[in-house]
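Below is one structure, written out as structure tokens; comments come after it.
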Amino acid sequence: MTPPWWADAVFYEIYVPSFCRGRPPSAGPGLAPAGGRMAGDLAGIRRRLDHLQWLGVDALWLTPFYPSPMADFGYDVADYCDVSPAFGTLDDFDRLLADARDRGIRVIADWVPNHTSDRHPWFVDARSSRQSPHREWYVWRDGSPDRPPNNWTAAFTRGPAWTWDEATGQWYLHLFLPEQPDLDWSNPAVEAAMHDVLRFWLDRGIDGFRVDVVHALGKDPALPDAPPDRAHLPWSSQNDDPRTHPILRRLRALVDSYAGDRCLVGEVYLLSTTRVARYYGQGDELHMAFNFPPLYAPWTADAWRHRIRRVEEEMGPIGAWPTWVLSNHDNARHRTRYGSEARARAAAVLLLGLRGTPFLYAGEELGLEDAEVPADRVVDPGGRDGCRAPIPWEAGAGHGWEGADRTDVWLPWPPDPDRRNAAYLRSDPGSILHLYRRLLAARRASPALRRGGYEELDAPEGVLAFRRVAADRPGDDRVVLVNFGDSDVGCAAPWPATVVVDSRGEGEGGPYAGVLGASAAVVLAPG
Ligand code: GLC
């Protein structure tokens, strides 16, 4: 059976405000919370499709590009069916989708169903009076103004997940900022309105959705307290209620009713692989779910071996197709976390050698580090500005951003942008950018790497070794060896082997000599 495209794909996350600017700065408003400085836009993404095609990615995940007051830089949506003037227009979206399709690149959009912006017309109406038609679309509770209805903690502020609405004398729930009130998904009108939103984009041809904090949709209506020892942790990383599953099954049915294997990739931010696996249902809920424990694992062979085993144990038996992520717009980049480019390169070999769909984060192919953000440029209430630094495309003042100079882009550039940029690295065959390109090509060329089984191999201390075998392609065996340690180590392959990809670019196409360099990784083929 041919697997659906998304199981064979390498995804690439584009954090829209930070990718590239295509229109002149005057073409739309800047980001108000960033002092009106300019952001990337949809035209900028179109401008860089050449880079993405050359790199070899199969699908793009675009973070929210909808109208938004930008309290959470787009994750506070004020209109689900339009494009923010900061990022362009619906025409720009259609053009981007068409141009991507012409290059064989799919596009999925971020969909933020748990909460809206407090400026969304639904919430503006809800807040206007207790009798308003949209009042019951959100989660309101009585109480006294000095005591929130329960002990839940909000993300980012780490204050109560409740805000007292003076005018109507009730509390409203927000698992994130007060500017992001939670919708009440037990209300059928909310679900119907959100299904309409999905149809709007599906009808336009979108290939699927990345679903924001999807595990938070179903809530226990009794809103019971968090256990006292966990009350200080955001409730958004704990809500795991069975009511979410029927909601997901209905979403799945809607998405599956469209031709073309449209997909739902859920952000299940529960730091337990056992729990994450439940969100695949019986193959009738999410097509894929993010599983973050590996992202938080330290860079050691033992930690990774354990994390991969957990995925194999939990997902394998139920036929749930895994995903792998090293970096995204919510966490320090892995180049920064792991501390060296050599390790970031080895991690790329690991990521692209695993069984499951890999998600790259724009800029990791450039080996970008997080930006140093001076206090007067901090804009994110969640402390995530560093990994959201704008992508430098070339040397020079605006780094390939239309009309930009060094200071008028919404966040500072990452370190060393005059060398660490796409054009410069492309001219250097030994660069990390070329490594990513070779890894993507190697994956595309090998059914074993794309969808073969995962078999752990014995390995010396500090090395992770595994084999990928495609049942239907005898001979298309691959072995991946990753040296997490900082010195060379002898490590045999199970058969005489050729180096397909080496994280340092050494000896590719030649015989594997049985020694792994410090912080190096290889993909091997028999022969
Ligand atoms: C998800 C997003 C994050 C956002 C939050 C609230 O975790 O990845 O960026 O702030 O949801 O929408």
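Each ligand, and each atom within it, is numbered from 1 in the order the structure gives.
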- Evaluate the criterion ring pair (Phe, Tyr, Trp, His ring centres under 6.0 Å) for residue pair Tyr75 and His329; output intermediate values, then yes/no. CA-CA 12 Å; Tyr75 284 93; His329 67 285; 5.3 Å; yes
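Within the 4.0 Å heavy-atom criterion, neither part of His174 lies near ligand 1. Of all the heavy atoms of Tyr269, none lies under 4.0 Å from any atom of ligand 1, so neither backbone nor side chain is involved.
Thr244 and Asp241 form no side-chain donor-acceptor contact under 3.5 Å, judged by distance and modelled atom types alone. Inspection of the Asp330 and Tyr269 side chains reveals no N or O donor paired with an N or O acceptor under 3.5 Å. Judged purely by distance below 3.5 Å, without hydrogens or angles, the side chains of Tyr279 and Asp240 pair a donor atom with an acceptor atom.
At the shortest separation from atom 9 (O) of ligand 1 among protein heavy atoms lies Asp330 OD1, 2.7 Å. Remark: minimum distance from atom 4 (C) of ligand 1 to any protein heavy atom is reached at Asp72 OD2, 3.3 Å. Of all protein heavy atoms, the one lying nearest to atom 5 (C) of ligand 1 is Phe176 CE2, 3.7 Å. Ranking protein heavy atoms by distance to atom 11 (O) of ligand 1, first place goes to Asp212 OD1, 2.8 Å.
The aromatic ring centres of Trp235 and Trp162 sit 6.0 Å or more apart. Checked against a 6.0 Å centroid threshold, the rings of Trp61 and Tyr15 do not count as neighbours.
Counting the atoms of ligand 1 from 1 in the order shown, those under 4.0 Å from a heavy atom of Phe156 are 10 (O). Close approach to Arg388 involves these atoms of ligand 1, each under 4.0 Å from a residue heavy atom: 9 (O). Close approach to Arg384 involves these atoms of ligand 1, each under 4.0 Å from a residue heavy atom: 3 (C), 4 (C), 9 (O), 10 (O). Of all atoms in ligand 1, numbered sequentially from 1 with element shown, those under 4.0 Å from a heavy atom of Glu267 are 1 (C), 7 (O), 8 (O), 11 (O). Residue-ligand proximity, His115 to ligand 1, at heavy-atom distances under 4.0 Å covers atoms 6 (C), 12 (O). Within ligand 1, counting atoms from 1 as listed, the ones closer than 4.0 Å to a heavy atom of Arg210 are 2 (C), 8 (O).
By the 6.0 Å and 45° rule, Arg106 does not stack over the aromatic ring of Trp6.
Of the residues Leu62, Val57, Leu440, Asp58, the one that meets the side-chain contact (heavy atoms from CB on, under 4.5 Å) test with Tyr12 is Val57.
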